[in-house]
Structures are given as C-alpha cells and as structure tokens.
Amino acid sequence: MLLSILVMAVASHAQQAPRAEVTADSINDEVQETLAASRQKLSTVRERLEQPGVDDMRLAELRVQAEDVASEVQGTSAEMETRLAQIEARLADLGEPPAAGQPPEAAAVTEERNRLTTERAELTVLTDDAAGLMSSANQTVATISTLRRDLFAQTLFKRTQLSGELFVVAGESLVLEIQELGGALGSWLSFAWKFKKLPLLASIFLSLGAALVFLSGGRRLFARLILRNASDEWPTYIKRLSLAFWSTVTRTLSLAAFLVASFLFLDGFNVLRRDIAPILAALFSFIWFVYFVSQLSYAVLSPRHSEWRLVRVTDRGAQILVTAIVAMAAINGLDYLLGAISEVLSAPLELTIAKSVVASLVIGVILLGLSFVRPIMAEGKADAEGRAWPRWLGYLLRVMGVLLLLTVLAGYAGLARFVATQIVLTGAVLVTVYIGILSGKAVGKQGVFAHTAVGERLGRRFNLGEVALDQVGLVAGLAIYVFALLLGIPLILLTWGFQITDIEVWVYRFFTRITIGNISISIVGILGGLLLFGLGYLATKWIQRWIDSHVLERSQVDAGVRNSVKTGIGYLGIGLAVIVGVSAAGVNLSSLALVASALSVGIGFGLQNVVSNFVSGLILLVERPFKVGDHIVTGTTEGIVKRISVRATEVETFRKQSIIVPNSDLINAPVGNWTHRNKVQRSEVPVSVAYGTDPEKVIAILLEIVEAVPEVLRNPEPHVDFMAFGASSLDFELRFHLADYTDGIRIRALVRIEILRRFEKEGIEIPFARQDIMILPRPRREDLKSTTGPADAVEDGAGV
C-alpha cells in the first residue's frame with residue numbers, strides 16, 4: 001500500500017512539473033554562450049601575453065590555453081555545420097513555397113519552413129563568428145610560438161662584451177649576494193622555528209620517512225639488480241650491463257622521489273616562503289643532477305672494481321675520467337644553482353654572466369685536458385699507462401673544448417652555457433639510454449634470460465620451460481627498451497629548452513589523436529577496442545564452455561551437434577567482438593560496408609575461387625584442424641605444414657619440395673593429420689620364428705628388448721601379438737608407442753638389430769620361405785610310345 005501511494009505521488013508530480021522545451025532559440029543561446037566563454041578565455045590569454053617579463057614556461061602554458069580555445073570553437077563549429085546540413089535537407093524535403101496562382105500549402109508547412117529559414121540564418125551568422133574566433137585563436141598560438149623561438153634565440157645568441165669592469169662589478173655583486181642569501185635563509189629559518197615549528201618538524205619527519213621508503217626500500221627491493229656480488233669474480237656482459245643501468249636508474253629515481261616529496265611536504269605545510277621556494281628547488285635539482293652523473297660514471301667506469309667495468313680503460317684512466325665527469329657536472333649544476341639564487345635576489349646581470357663565463361671556461365679546459373689523457377687499455381694487457389684515445393674521439397674532445405672556449409671569449413655566454421649543459425647532461429642521459437637499450441638487447445637474446453637470476457627465479461616459481469622463459473625474456477627486453485626511451489626522451493627535451501607543459505600536451509595528443517592526412521588515430525581508442533575485443537573473446541569462450549557442459553551435455557546431444565553448436569557460437573561471438581572492438585577503436589563501419597559491397601561485385605565477376613580460398617583459410621585459421629609443424633596427408637601430398645595463409649597452405653615434403661595447396665582443397669577433401677593432438681604414434685615390428693620355437697619365450701624376449709629402450713612409452717604399455725601360423729613360420733608383431741613419431745624409423749631399426757642379436761644368442765631361428773625341388777628320372781622311349789601325343793613332345797621332364 002505504501003509503495004502504491006509513493007508511485008502515485010511521483011506520477012502526479014511528474015504530470016504537474018513543467019517540462020523544459022528544447023527549441024532552436026535555446027540551442028542558439030547555448031552556442032552563443034559557449035562562443036562568448038571561449039572569446040573571454042582568448043582575451044585573457046592575450047592580456048597575459050602582453051604583460052612584461054613573461055618567461056618561456058608561462059608562454060608554454062598560454063599556448064596550451066589558446067589551443068584549448070581553438071579546439072572548443074572547432075567542436076562548436078562542427079556541431080553547427082551538422083545542424084545546418086540537417087536544416088538544408090529538411091528544406092529540400094519541404095520544397096519551394098507555392099508560386100502565385102497555385103493552391104496554398106498547409107499552414108504547418110509554411111510555419112516550419114519559416115522557422116527553419118530563420119534558424120539557418122542565425123546559425124550562419126554564428127558559424128562565421130566561430131570561424132573568426134578560431135582564426136584568432138590559431139593566430140594567437142602562432143604568435144606565442146614565434147615569441148618562444150625569439151626568446152630562445154635571444155637567450156642563446158645575445159652577445160656580451162667581456163671586460164675587466166664586468167668582472168669587478170660581478171665580484172662586488174657576489175659579496176652582496178652572499179650576504180643577502182645568508183640573511184634570507186637566516187630570517188626564514190628563524191621565522192619557521194618561532195611561528196611554524198610544528199609544521200616544520202612534521203615536514204622534516206615526513207621527509208625522513210620518504211627517504212626511508214624510497215632510498216632504503218628501493219635498495220632492498222632491487223638489491224639483486226643494483227648491488228655487486230662479491231663472489232662473482234668475472235661477471236658476464238649482461239650482468240655488468242644490467243647492474244650499470246638499473247643501479248643508475250633505481251638510485252637516481254629514488255633520490256628524485258625523495259627530493260620531490262620533501263619539497264612538497266615543506267610547501268604543503270606552508271613552511272616555504274616565496275623567495276626561498278625557488279632556491280630550494282634549484283638546490284634539490286643540483287643535488288639530483290650531480291648524484292645522477294656520479295652514479296652513472298661509477299656504474300660504467302667502476303674505478304674500484306675493474307671486473308664490472310663496461311669499457312676497456314685502465315684503473316688510473318677510470319679514476320681520472322670519473323673525477324673529470326663529476327667535476328663538470330658539479331660546475332654546470334652550480335652555475336644553474338647560483339643563477340637561480342641571483343634571479344630570486346635580483347642580482348645584477350653582470351654576476352650571472354660572469355658565473356656562466358667561468359663555468360664554461362672551466363668545462364672547456366677540462367675537455368681539452370681529457371683529450372690528452374691515455375686511458376685506453378691495450379688488448380690483452382693491463383698496463384697502468386694505457387694508450388691514447390682513438391684518433392676521432394681525441395679530435396672530438398679537442399674540438400668541443402676549443403669551441404666552448406671560443407664561444408665564451410666571443411661573448412656568447414648564454415650559448416656557451418647551453419652547450420656545456422648539453423655536453424654534460426644530455427651526454428649522461430644518452431649514455432644511460434644507450435646502456436638501457438644494450439641491456440634490453442642482451443636480455444632479449446635467445447636463451448639468455450633463462451640463465452639470469454630473474455629468469456631462474458621465475459622458472460622455479462612458475463615452473464616455466466626454456467621456451468616460455470625465452471618469450472618472457474623477449475618481452476622483458478622490449479619493456480627495457482620502452483622504459484629507457486620513456487626515461488631519456490623527456491629529459492633530453494627538457495635540456496633542449498622544452499617545457500613540461502609541452503611534453504604533457506604531446507603525450508596527451510599522442511594517445512588521443514594522431515592525424516595522418518585526413519585520418520585521425522587514437523591510441524586510447526585502439527587500446528580500448530583491443531580491450532573490448534579481448535573481453536568479448538573471453539566471454540565467448542566462457543559461453544561456449546557453459547552451454548556445452550550445462551546444456552548440451554545434460555541433453556545427451558550427439559557429439560557432432562555439440563561441436564557444431566560450439567563452433568557457431570564461437571563464430572558469432574568473435575564476430576560481434578570484432579564489430580564492437582572496431583567501433584570502439586573509432587573505425588567508421590560505413591567504410592567497411594563499402595569494402596563489402598566492392599567485394600561482392602568482385603565475386604560476381606569471377607573471384608569465386610579466390611574468395612573460396614580466402615574463406616577456407618579463415619576457417620583453417622580459426623578451427624585449426626592442423627597447424628604449422630603438423631605432418632599431414634592429403635591426396636598425393638604428404639609432408640610438414642610450413643605456413644598457413646588466407647589463400648593457400650605451404651606443405652614441405654620429406655624430399656624438401658614445397659607444395660602450395662589451395663585452402664579450398666584442404667577444406668573439401670579428407671586430410672590426415674599425424675600430429676593433430678600430439679606426436680604420439682604406434683610403431684610395429686613384425687617378427688617370424690621357425691616352427692618348434694616356444695611362443696611364450698619369444699614374447700618375453702621381445703618385451704624385454706622394447707622395455708629397455710628409453711624412448712618407448714610405458715603408457716600405453718608395449719605388447720606382442722601372435723598374429724598367424726605362416727606357411728613356414730610363426731608370425732608375431734611387436735607393438736609399442738613413441739612420444740615423437742619422428743623417432744620411429746631410428747627406434748625400429750635399433751629394436752630389429754637387438755632382436756637379431758638376442759635370437760642368435762638364444763638359438764631362435766628366423767626362417768625364410770622354403771621351396772622343395774624334386775628331380776624326376778628321364779622316361780624311356782618305349783614308355784613314351786604308349787602316351788598320346790608326339791614322341792618328341794617330351795625330351796626331358798622335371799617336376800617341382
């Protein structure tokens with residue numbers, strides 16, 4: 001009763017509630033509001049663009065906002081164009097209004113034509129407005145791109161006249177900057193301790209917890225990959241590669257996660273001041289950069305563990321190279337740290353220029369010094385002196401050092417700073433990516449992954465064979481490739497002047513929209529389509545099993561009918577899964593309809609055989625009555641299946657002749673498959689013994705012989721059949737099963753040889769077919785006279 005009252009109350013309320021009518025005016029108003037909002041966003045972008053002191057990061061953000069406005073306007077324009085097409089089609093159906101003198105049309109038709117004409121005029125105006133707004137947004141995007149290029153070029157190629165006065169001013173500014181920095185840090189720490197003691201202690205405590213989680217946890221989790229095994233005196237190449245790559249990546253990522261977490265904790269608890277936050281961020285970046293380069297250098301060169309070294313250099317050469325590389329990283333990172341401090345404290349530009357000049361000069365001198373080092377170890381020798389660099393590498397180091405020095409002395413401090421950064425940071429990232437690619441290549445080699453520590457552990461844990469581990473190794477190698485590239489490419493782009501916003505936009509567009517001509521591909525859509533197809537395939541298999549076991553089996557349906565029903569459900573389910581997956585991937589099914597119609601026309605013009613083979617190939621690939629590697633017999637063809645395509649199947653005979661069999665012949669003719677379900681085959685060895693031999697003794701000897709062969713299966717067990725009483729022998733047949741039919745000829749030959757040996761030892765005779773020859777005496781002439789026929793008809797006689 002209560003439920004009835006509630007239903008009636010809801011129904012009466014629904015009847016009394018006014019309905020919001022959707023009209024053309026409401027749609028146009030909504031479009032106008034959308035365009036007005038987009039125009040306001042674009043105006044805001046332009047206003048911020050005209051503000052002084054806009055840096056590259058801000059320009060990148062403004063460009064993304066302008067591109068969003070253009071995308072919104074483009075979507076609105078597409079909707080209006082669709083509506084205009086609908087209006088034009090409807091007006092074409094209504095036709096022209098009646099001319100003068102013709103019978104008048106219905107009032108409803110006239111009213112609808114007028115309404116559609118008015119809406120078309122309004123939409124035309126809005127479409128022109130949207131086109132202008134989109135053109136303005138695209139122009140703003142182009143303007144921002146030009147500003148960013150100009151800013152980048154101005155930063156790199158701005159020339160400064162180097163003089164003694166510049167360095168004097170820089171020295172005085174450096175003293176003042178150190179004093180201001182000390183005062184700023186002291187006042188901040190004093191303020192934080194007095195007024196924000198609890199948030200400061202909480203952020204420090206959480207930072208230490210993050211350090212414990214990331215650094216210690218990463219060390220324990222990846223200990224096998226990042227720690228050297230002291231007992232391994234001569235590690236393999238793949239072990240050295242894996243250790244160098246994963247120790248560098250794991251430790252630097254752990255440190256990066258700890259530093260980012262610490263900064264977020266301090267910022268989240270409002271402990272940082274606006275002037276301290278950029279300095280702390282630059283300090284954390286400096287720490288990570290130097291740590292990354294040092295870890296990579298020690299992992300590759302291993303100055304203290306020569307057996308783990310990836311390059312052939314002497315111990316002294318390795319130590320020199322590590323020291324020089326870490327020094328260049330520290331100098332370059334310190335340059336950026338001091339530059340960030342100068343920017344926060346508004347130090348004079350002369351100080352920043354002087355820092356970059358000094359840092360670039362020192363890095364150039366180090367490069368020149370490295371070109372004269374003799375670190376290369378001679379083949380088969382471990383001399384402490386070593387040999388010089390290869391000629392091309394020595395010249396390259398000298399050229400880079402000289403160009404860097406000349407760039408600095410010419411006054412292009414920004415360009416020199418950029419080049420020094422690329423030499424150090426980009427070089428380190430490229431080396432890391434290269435080591436990762438080499439590691440993935442080594443892991444993906446056939447038979448290598450199974451002998452690694454991870455492969456052995458997976459094999460024991462999941463009981464995997466060599467083939468499965470080899471496939472896992474291939475996937476692992478590809479995963480290492482992808483990981484190395486995903487790690488290295490963003491870092492290289494950042495060092496070359498791109499912003500994080502640019503990378504985010506590229507990644508988003510890569511996964512959502514890739515435009516090739518007039519075709520747009522969505523990686524997310526394709527992955528979604530594959531996922532839906534996989535779910536549909538699994539659902540089809542489950543429905544097949546459920547209907548077969550719960551419906552057909554209980555109904556005691558014939559096995560052939562059950563198989564037909566299962567096959568039909570499989571075709572239907574997979575077909576639906578394909579349609580759903582293709583639709584989800586964004587493929588227009590109307591294009592598939594055009595292809596189907598074209599195929600139907602082609603079939604009508606004589607492609608019946610081609611289509612028959614094509615469909616037969618699909619059936620063979622789906623039903624799999626035989627697969628690649630099976631031994632089949634069809635008609636006059638017998639051999640091993642080498643390839644199954646949608647038109648024909650390639651069969652290789654045992655004489656190494658390739659026979660191409662059309663798929664329709666394999667569907668419409670009987671095909672024998674020796675290895676349809678497995679390679680088990682029964683072998684027979686006929687044996688004959690002489691009459692008088694004990695049959696039970698023969699059977700026992702044959703069973704003893706065959707049971708001594710390890711390739712013979714015990715289930716089904718071998719047995720001997722007494723086949724027949726022959727004309728001159730007792731006939732037996734030894735029957736046994738082999739796991740691999742290809743061993744049949746060899747095993748049967750071995751068994752026959754052993755039978756001969758045992759029968760000879762046991763005195764058992766293997767008879768041969770006997771013929772008794774009888775020689776009759778020559779008849780006398782008088783006996784021949786009494787016979788009918790001529791006397792010379794028989795001159796000699798012999799009977800057998």
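All values below were derived from every heavy atom in this structure, side-chain atoms included, with hydrogens, water molecules and symmetry-related copies excluded. Numbering of residues begins at 1 and proceeds along the displayed sequence.
The main-chain N or O of Leu368 is never found under 3.5 Å from a side-chain atom of Arg398 such that the two would form a donor-acceptor pair. With hydrogens and angles disregarded, a donor-acceptor distance shorter than 3.5 Å links the side chain of Ser294 to the backbone of Tyr291. With hydrogens and angles disregarded, no donor-acceptor distance shorter than 3.5 Å links the side chain of Trp188 to the backbone of Asp275. A distance-only check finds a donor-acceptor pair linking the side chain of Arg159 to the backbone of Ala410 [under 3.5 Å]. At least one donor-acceptor pair closer than 3.5 Å links the side chain of Ser356 to the backbone N or O of Thr352. Between the side chain of Thr323 and the backbone N or O of Gln319 there is at least one donor-acceptor pair closer than 3.5 Å.
Ile366 is listed as a side-chain neighbour of Ile331, based on a closest heavy-atom distance under 4.5 Å. In this structure, the side chains of Thr140 and Val69 stay at 4.5 Å or more apart for every pair of heavy atoms. Leu310 places none of its side-chain heavy atoms less than 4.5 Å from the side chain of Leu438. Counting heavy atoms from C-beta on, the side chains of Val175 and Gln179 come closer than 4.5 Å. In this structure, Leu425 and Asn332 have side chains that are not in contact, with every pair of non-hydrogen atoms separated by 4.5 Å or more. Taking 4.5 Å as the limit, some side-chain heavy atom of Leu337 sits within range of a side-chain heavy atom of Leu334. Looking at Thr421 and Phe289, their side chains never come closer than 4.5 Å, going by heavy atoms from C-beta outward. Residues Ile276 and Leu185 have side chains in contact (heavy-atom distance under 4.5 Å, counting atoms from C-beta outward).
The heavy-atom pair separating Ser371 from Leu397 by the smallest distance is CB-CB, 3.7 Å.
Salt bridge present: Lys355 and Glu177 bring a charged side-chain N and a carboxylate O closer than 4.0 Å.
Taking the six-membered ring where tryptophan is involved, the planes of Phe483 and Phe245 are perpendicular, since the angle between them exceeds 60° and thus also 30°.
In this structure, Arg304 fails the cation-pi test against Tyr298, since its NZ or CZ atom is not both closer than 6.0 Å to the six-membered ring centre and inside 45 degrees of the ring normal.
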* Output, in order, the C-alpha distance, side-chain angles, deciding distance and verdict of side chain to side chain contact (heavy atoms under 4.5 Å, CB included) for Lys441 and Tyr481. => CA-CA 8 Å; Lys441 184 178 180 180; Tyr481 286 165; 3.1 Å; yes

Would you please test Arg46 and Glu50 for salt bridge (Lys or Arg N to Asp or Glu O under 4.0 Å) and show each step? CA-CA 6 Å; Arg46 289 182 171 179; Glu50 294 175 356; over 6 Å; no

